[in-house]
Amino acid sequence: MEKKIYCGSGKKRNENWLSATINLDKIKGHIQEYNGSKFIKININVKPEPDQYGKDVSISLDTWKPEKQPVHDDTPPNDLPF
């Protein structure tokens with residue numbers, strides 16, 4: 001299992017609103033491209049209680065990648081970034 005890469009944190013403002021800050025230096029090298037657009041996959045976790053800084057939202061990079069399947073000439077690739 002790969003080590004989690006934490007890239008941000010935030011606060012739960014109410015039931016429908018989370019605010020967070022993402023550290024762009026931590027996501028470099030994890031940006032994916034698909035059809036000319038760039039994406040970053042993240043996991044957002046609401047913590048059961050705030051940390052020492054009052055943050056109760058944790059953001060980490062989703063580094064999971066599907067296994068490469070052999071591609072046949074008539075089969076489209078099956079590894080979308082989301």
Side-chain angles (χ1 to χ4, degrees):
M1 181 176 205
E2 218 174 300
K3 182 180 175 185
K4 278 194 177 188
I5 302 170
Y6 290 97
C7 61
S9 63
K11 290 186 177 185
K12 185 176 179 182
R13 301 295 180 176
N14 64 41
E15 288 300 312
N16 300 310
W17 177 30
L18 304 175
S19 66
T21 303
I22 295 177
N23 182 332
L24 296 179
D25 290 331
K26 299 231 176 165
I27 66 171
K28 288 180 183 174
H30 298 279
I31 298 170
Q32 300 176 29
E33 284 195 46
Y34 180 74
N35 285 343
S37 295
K38 294 182 180 181
F39 297 89
I40 189 79
K41 293 181 352 181
I42 59 173
N43 297 313
I44 301 171
N45 179 46
V46 177
K47 299 176 182 183
E49 57 186 62
D51 64 16
Q52 69 267 28
Y53 305 107
K55 306 292 186 174
D56 56 3
V57 174
S58 170
I59 301 172
S60 62
L61 294 176
D62 182 346
T63 57
W64 181 85
K65 293 182 181 171
E67 291 183 25
K68 295 279 185 184
Q69 300 282 332
V71 178
H72 303 288
D73 292 338
D74 59 344
T75 306
N78 190 20
D79 56 351
L80 298 177
F82 43 87

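Treat the numbers as computed from the prediction; the structure is a model and nothing was measured. Numbering of residues begins at 1 and proceeds along the displayed sequence.
Atoms CG and CD1, from Leu61 and Ile22 in turn, are 8.5 Å apart once rounded to the nearest 0.5 Å. Note: Ile44 CD1 to Leu18 CG = 6.5 Å, rounded to the nearest 0.5 Å. Here the CG-CD1 distance, from Asn23 to Ile5, works out to 12.0 Å after rounding to the nearest 0.5 Å.
Legend: side-chain hydrogen bond (donor to acceptor under 3.5 Å, both in side chains) pairs involving residues 6-21, not counting sequence neighbours, sorted by first then second residue: Arg13-Ser19. Applying the side-chain hydrogen bond (donor to acceptor under 3.5 Å, both in side chains) test to residues at least two apart or on different chains, the pairs with a partner in residues 48-64 are Lys47-Asp51.
Taking 4.5 Å as the limit, some side-chain heavy atom of Lys28 sits within range of a side-chain heavy atom of Asp25. Using a 4.5 Å heavy-atom cutoff, the side chains of Val57 and Asn45 are not in contact.
Residues passing the side chain to side chain donor-acceptor pair (under 3.5 Å) test with Lys38: none are found, sequence neighbours excluded.
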